[in-house]
Amino acid sequence: MNELGTIDGALDEMLVNLAGIVLRLSSPAITNTPDTRQALARSVHQYAVCASRSADPRVHALKAQLEATLKPRLRVIVSNGAKSKVP
């Protein structure tokens with residue numbers, strides 16, 4: 001049984017390292033085309049599949065962080081125009 005714990009721990013470490021790589025690749029400068037966004041989505045999905053079986057809280061926290069990279073990026077647009085008055 002100790003061997004399984006050792007293997008499980010090693011897999012968790014690999015998942016943590018993999019998440020770090022995918023997070024670096026999720027930068028807007030890198031994922032700026034539809035193809036790269038699609039590749040990122042596939043990578044995040046595959047990570048989530050593997051992470052779902054892990055008991056390591058770091059793996060689950062990184063899974064949530066990776067999934068957040070897929071959410072649309074919102075931009076704030078500031079207008080310098082005058083406000084219209086509503087009666």
Side-chain angles (χ1 to χ4, degrees):
M1 194 65 169
N2 190 23
E3 286 181 27
L4 290 178
T6 302
I7 293 170
D8 193 41
L11 288 172
D12 286 336
E13 288 303 319
M14 289 174 56
L15 284 171
V16 168
N17 291 330
L18 178 61
I21 293 167
V22 176
L23 278 171
R24 284 191 296 277
L25 293 173
S26 70
S27 162
I30 296 173
T31 57
N32 55 3
T33 67
D35 287 341
T36 55
R37 293 288 300 162
Q38 193 173 48
L40 174 63
R42 282 193 306 268
S43 295
V44 170
H45 174 72
Q46 286 298 322
Y47 184 88
V49 168
C50 295
S52 67
R53 297 178 186 260
S54 174
D56 190 325
R58 299 175 302 160
V59 171
H60 290 281
L62 288 164
K63 175 182 166 274
Q65 206 174 343
L66 283 170
E67 289 173 337
T69 67
L70 298 179
K71 294 183 180 167
R73 295 178 182 103
L74 301 177
R75 292 183 294 179
V76 176
I77 300 173
V78 178
S79 173
N80 290 333
K83 292 183 179 181
S84 63
K85 294 183 182 179
V86 178

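All of these numbers come straight from a predicted model, not from anything done at the bench. Residue numbers count from 1 along this sequence.
A 4.5 Å side-chain heavy-atom check between Leu25 and Thr31 finds every atom pair outside the cut-off.
Identified under the side chain to side chain donor-acceptor pair (under 3.5 Å) test for residues 12-22, with sequence neighbours left out: Asp12-Ser54, Glu13-Arg58.
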Report, one line per pair, each donor and acceptor closer than 3.5 Å where one atom sits in a side chain of residues 40-53; sequence neighbours left out.
residue, atom, partner, partner atom, Å
Ser43, OG, Ala39, O, 3.1
Tyr47, OH, Leu15, O, 3.2
Ser52, OG, Val49, O, 2.7

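When all heavy atoms of Ser26 and Leu23 are compared, the closest pair comes out as OG-O, 2.6 Å. The shortest heavy-atom contact between Leu70 and Arg37 is O-NH2, 3.5 Å.
Under the 4.5 Å side-chain heavy-atom criterion for grouping Ile, Leu, Val, Met, Phe, Trp and Tyr, Val16 is connected to Val22 within one hydrophobic cluster.
Side-chain atoms of Ser27 do not come within 3.5 Å of backbone N or O of Arg24 as any donor-acceptor pair. The main-chain N or O of Gln65 is never found under 3.5 Å from a side-chain atom of Thr69 such that the two would form a donor-acceptor pair.
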